[in-house]
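Take a look at the structure below.
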Number of protein chains: 2
Amino acid sequence: MQRKSTTLKDVARIAGVSTATVARVLYNNGYIADETRTRVQAAIQKTGYRVNTVARNLRIQRTASIGHILTGIVPNPFFAGVALGVEQEASQHGWSVLMVNVQGDAQRERLGVETFIQQRMDAIMFTTPVSEANVRLALEAGIPVVQVERPTSIATHMVVVDNYAGSTEAIEHLIGLGHRRIVFIGGDPAVRSADKFFGSYVEEERLAGYRDTLCKYGLPFDERLVILGQYYSMNEPFETDIPLKPLLQGAERPTAIFATSDMLAARVLQEIYACGLRVPGDISVIGYDDTFARYLAPPLTAVQQPMIDLGKTAVRLALQHFQDEETPPAKPWQQVKLPTHLIVRSSTGPVR
Amino acid sequence: MQRKSTTLKDVARIAGVSTATVARVLYNNGYIADETRTRVQAAIQKTGYRVNTVARNLRIQRTASIGHILTGIVPNPFFAGVALGVEQEASQHGWSVLMVNVQGDAQRERLGVETFIQQRMDAIMFTTPVSEANVRLALEAGIPVVQVERPTSIATHMVVVDNYAGSTEAIEHLIGLGHRRIVFIGGDPAVRSADKFFGSYVEEERLAGYRDTLCKYGLPFDERLVILGQYYSMNEPFETDIPLKPLLQGAERPTAIFATSDMLAARVLQEIYACGLRVPGDISVIGYDDTFARYLAPPLTAVQQPMIDLGKTAVRLALQHFQDEETPPAKPWQQVKLPTHLIVRSSTGPVR
DNA sequence: CTGAAAGCGCTAACAT
DNA sequence: ATGTTAGCGCTTTCAG
């Protein structure tokens with residue numbers, strides 16, 4: 001907003017018409033004489049006029065902007081994927097997106113929401129809300145909210161992933177390869193106990209898929225093969241040790257491991273190699289997310305999350321509120337569940 | 001901007017004062033009677049008033065917002081790091097950031113700049129501009145510009161990395177371990193020939209560091225050990241093959257490989273393993289960026305780029321324009337060069 | 001087909 | 001210590 005730029009008024013003066021007329025040619029509204037249009041367009045050209053969105057927004061009482069709150073765009077590339085999807089879909093519809101990374105901090109999240117309200121964002125998205133209270137805050141300001149991937153129990157639009165199916169598909173793949181002793185390793189749901197989530201935790205859904213699939217194929221569910229820990233950190237990429245060695249060096253070594261993120265799977269690979277084992281020769285590994293799975297050695301079989309699509313869908317839900325502006329009968333919140341896909345690469349193979 | 005929210009005027013009416021008075025307590029400006037302040041604060045509390053930033057921006061002719069254009073936040077996590085740095089530093093100073101991902105597309109980049117101009121962003125940042133013309137576009141609109149990491153030849157603020165030193169440090173580390181046949185693998189500078197860059201290409205700087213260091217230690221520069229290719233793609237993560245096998249299976253096998261990104265290094269590891277070799281036993285590998293280097297097997301020695309700091313510094317440069325508003329003698333564009341650090345992990349070892 | 005004019009919600013002189 | 005008021009740049013009725 002540096003040096004003063006051309007205004008509509010300037011253009012009008014130069015073209016010798018009123019501001020209303022300029023606005024008409026700008027938005028192709030109403031009748032306008034061809035000759036006038038040409039004259040106005042020439043003036044626009046000449047001055048390099050560009051509409052002042054700030055003034056426009058004030059006038060029309062909309063900003064066509066989405067505030068996007070991310071738990072942490074780093075270190076897990078999953079979030080960058082969602083952010084990209086959000087931005088792409090938004091800009092395709094002429095919307096803008098403001099982004100705030102809170103790195104897991106509820107206080108910063110609150111500030112983000114507060115700012116977004118002040119900026120009069122037309123919608124607010126949480127790609128993984130940290131605190132319920134902040135979701136409520138946005139809602140109370142009368143702003144449509146979309147929660148992505150790990151919604152709280154508060155009713156808003158939601159777009160989630162079919163974690164149960166994703167997990168099921170992974171385990172079935174392993175069972176199909178002859179595996180019977182399969183480790184499940186994931187973040188501990190209890191860690192997020194501060195908030196109540198809608199439905200069940202992502203991690204719980206995946207665990208349920210694991211358990212039910214074993215059951216379905218008549219395999220025993222062995223609690224010792226389930227490893228849950230607080231492996232996620234927004235700032236320090238997992239310094240926590242993964243208690244896998246005992247299993248790997250024990251008598252009844254598992255033949256496959258299902259990890260609930262690529263980052264975790266990568267750590268699992270490191271542990272496996274440290275024990276002198278080979279993948280998939282001695283043990284198969286499946287990751288989740290499909291972020292940098294393809295870059296690991298060997299290229300990792302992984303449950304692919306529809307990151308981009310998650311973001312795009314979230315935007316579509318938000319835009320709905322404004323599409324049919326004539327239908328104020330505020331439609332209820334919607335929940336969309338997206339499928340996952342198992343990408344089979346080289347980290348899984350038949351059991352020996 | 002949904003349902004009509006409380007305005008300053010409302011608050012004034014309820015508190016029984018003028019809007020000017022409310023503004024005074026809001027910003028703690030000028031004299032105000034304690035009693036009045038209390039009354040106003042009560043009214044603010046009661047109504048849940050929140051300043052309308054849109055109106056405010058129009059009035060003060062500033063937006064306190066930065067438009068951030070990213071070549072592609074996916075797939076290289078490097079960009080997410082920069083984006084985080086930008087956002088953190090901005091919000092710490094009460095600034096907002098709009099983000100646009102152009103995924104390497106000059107057309108989309110242009111649209112992004114155009115939008116940012118219309119939104120009256122106070123500054124525009126390019127984390128790796130795609131096209132010179134777009135940088136110029138922003139500049140012509142009178143908006144301060146910061147180019148990050150791979151600036152074009154256009155003069156603006158710039159924050160870059162000391163690629164030469166980064167490369168030098170990596171090669172010295174290898175030479176110190178006794179390596180003499182070291183492969184350099186990187187993106188081909190010629191690929192970006194469409195634009196002229198300021199100083200030299202990032203890749204060229206790194207190559208120069210490699211070459212000069214070999215020279216310094218009296219080692220021969222062997223062109224056959226330099227592999228340059230178009231390994232980067234914004235959308236499909238490198239499908240291109242890396243022509244490394246001939247070298248790995250040849251007579252005089254190199255004992256170390258220096259790759260100019262983690263993504264490339266990851267691919268190199270895969271090739272090495274495919275040839276049945278071990279790291280670092282048979283061959284050492286160094287990556288660049290230090291994004292997911294720690295997650296590879298073995299954990300990768302890598303030249304760490306100051307991603308967050310790159311972003312933060314860029315914001316600081318942009319803010320300078322507004323700090324000392326009284327000094328209109330527009331100070332010249334500044335260029336800041338940030339250091340890299342070699343993070344030694346387990347992918348490098350003494351030559352056998 | 002075109003123009004006049006009323007604000008959107010706020011800030012900052014300028015008065016008092 | 002507080003109030004009045006003139007815009008910021010734009011959109012959109014309402015008149016003609």
Side-chain angles (χ1 to χ4, degrees), chain A residues 1-41 43-44 47-65 117-122 141 325, chain B residues 1-41 43-44 47-65 117-122 141 325:
Chain A
M1 235 149 163
Q2 280 292 75
R3 68 187 191 207
K4 202 160 155 39
S5 43
T6 329
T7 70
L8 234 196
K9 217 166 160 182
D10 296 334
V11 176
R13 186 165 30 73
I14 291 176
V17 296
S18 73
T19 59
T21 301
V22 179
R24 277 186 199 106
V25 356
L26 237 35
Y27 301 107
N28 243 321
N29 266 347
Y31 299 95
I32 206 155
D34 277 354
E35 195 269 333
T36 315
R37 171 179 286 113
T38 319
R39 204 143 36 89
V40 170
Q41 277 165 345
I44 290 175
T47 55
Y49 170 76
R50 286 194 187 84
V51 67
N52 182 331
T53 305
V54 179
R56 175 164 209 272
N57 287 348
L58 175 60
R59 176 60 232 247
I60 68 179
Q61 297 286 89
R62 290 175 72 265
T63 55
S65 303
I117 296 175
Q118 295 185 175
Q119 318 232 41
R120 301 303 193 262
M121 296 289 99
D122 283 332
E325 308 195 58
Chain B
M1 235 145 162
Q2 281 292 75
R3 67 186 192 209
K4 202 162 154 38
S5 43
T6 328
T7 70
L8 234 195
K9 217 164 158 183
D10 297 334
V11 175
R13 187 166 28 73
I14 291 176
V17 297
S18 74
T19 59
T21 302
V22 179
R24 277 186 200 106
V25 354
L26 237 34
Y27 301 107
N28 243 321
N29 265 347
Y31 300 94
I32 206 153
D34 279 352
E35 194 269 334
T36 315
R37 172 180 284 112
T38 319
R39 203 143 36 87
V40 171
Q41 277 164 345
I44 290 174
T47 56
Y49 170 76
R50 285 193 187 85
V51 67
N52 182 330
T53 304
V54 179
R56 174 165 210 274
N57 287 349
L58 174 60
R59 178 60 231 244
I60 67 178
Q61 298 286 88
R62 290 175 72 267
T63 54
S65 303
I117 296 175
Q118 295 185 174
Q119 318 233 40
R120 300 304 192 261
M121 296 289 99
D122 283 332
E325 307 195 58

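In what follows, chains carry the letters A, B, and so on, assigned in the order in which the sequence lines appear, proteins first and then strands, with residues in each chain numbered from 1. Side chains included, hydrogens not; waters and symmetry mates left out as well; all remaining heavy atoms used.
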Under a 4.5 Å cut-off applied to non-hydrogen side-chain atoms, are Ile44(A) and Arg50(A) in contact? no
So, does Thr6(B) use its side chain to make a donor-acceptor pair with the main chain of Thr47(B) at under 3.5 Å? yes
Please report the distance, rounded to the nearest Å, between CZ in Arg50(A) and P in dC10(D). 13 Å
Check whether any side-chain nitrogen or oxygen of Ser18(A) sits under 4.0 Å from OP1 or OP2 of dA4(C), and answer yes or no. no
Between C1' of dA12(C) and CG of Asn29(B), the distance in whole Å: 9 Å
Nearest whole Å is fine: how far is dC10(D) P from Leu26(A) CG? 9 Å
Closer than 4.0 Å, any side-chain N/O of Gln61(B) to the OP1 or OP2 of dG7(D)? no
Which part of the nucleic acid, if any, lies within contact of Ala20(B), taking any heavy atom under 4.0 Å across all strands shown: a base, the sugar-phosphate backbone alone, or nothing? base
Rounded to whole angstrom units, what separation is found between the NZ atom of Lys9(A) and the P atom of dC10(D)? 10 Å
Counting the atoms with a prime plus P, OP1 and OP2 as sugar-phosphate, which does Thr19(A) contact under 4.0 Å by heavy atoms, base, sugar-phosphate, or nothing? base
Nearest to the side chain of Leu58(B), which nucleotide is it out of dC10(C), dG3(D), dG9(D)? dG9(D)
With a 4.0 Å cut-off on heavy atoms, is Ala33(B) in touch with a base, just the backbone sugar-phosphate, or nothing at all? sugar-phosphate
Rounded to the Å, how far apart are Asn57(B) CG and dA12(C) P? 12 Å
What contact category does Ile32(B) fall into here, base, sugar-phosphate, or nothing, at under 4.0 angstrom with non-hydrogen atoms? sugar-phosphate
Protein-nucleotide distance (Arg24(B), atom CZ; dA15(C), atom P), rounded to Å: 15 Å
Any donor-acceptor pair under 3.5 Å linking the side chain of Asp10(B) with the backbone of Thr7(B)? yes
Would you check if Arg39(A) and Val17(A) make a side-chain contact, meaning some heavy-atom pair closer than 4.5 Å? yes
To the nearest angstrom, how far is Gln119(A) atom CD from dG9(C) atom P? 17 Å
Test your reading of the model: is there a side-chain donor-acceptor pair from Thr38(B) to the backbone of Asp34(B), 3.5 Å cut-off? yes
Does Tyr31(A) place a side-chain N or O at less than 4.0 Å from the phosphate oxygens OP1/OP2 of dG3(C)? no
So, OP1 or OP2 of dT2(D): does either fall under 4.0 Å of a side-chain N or O from Thr36(B)? yes
Quick one: Ile60(A) CD1 to dG9(D) C1', roughly how many Å, whole number? 13 Å
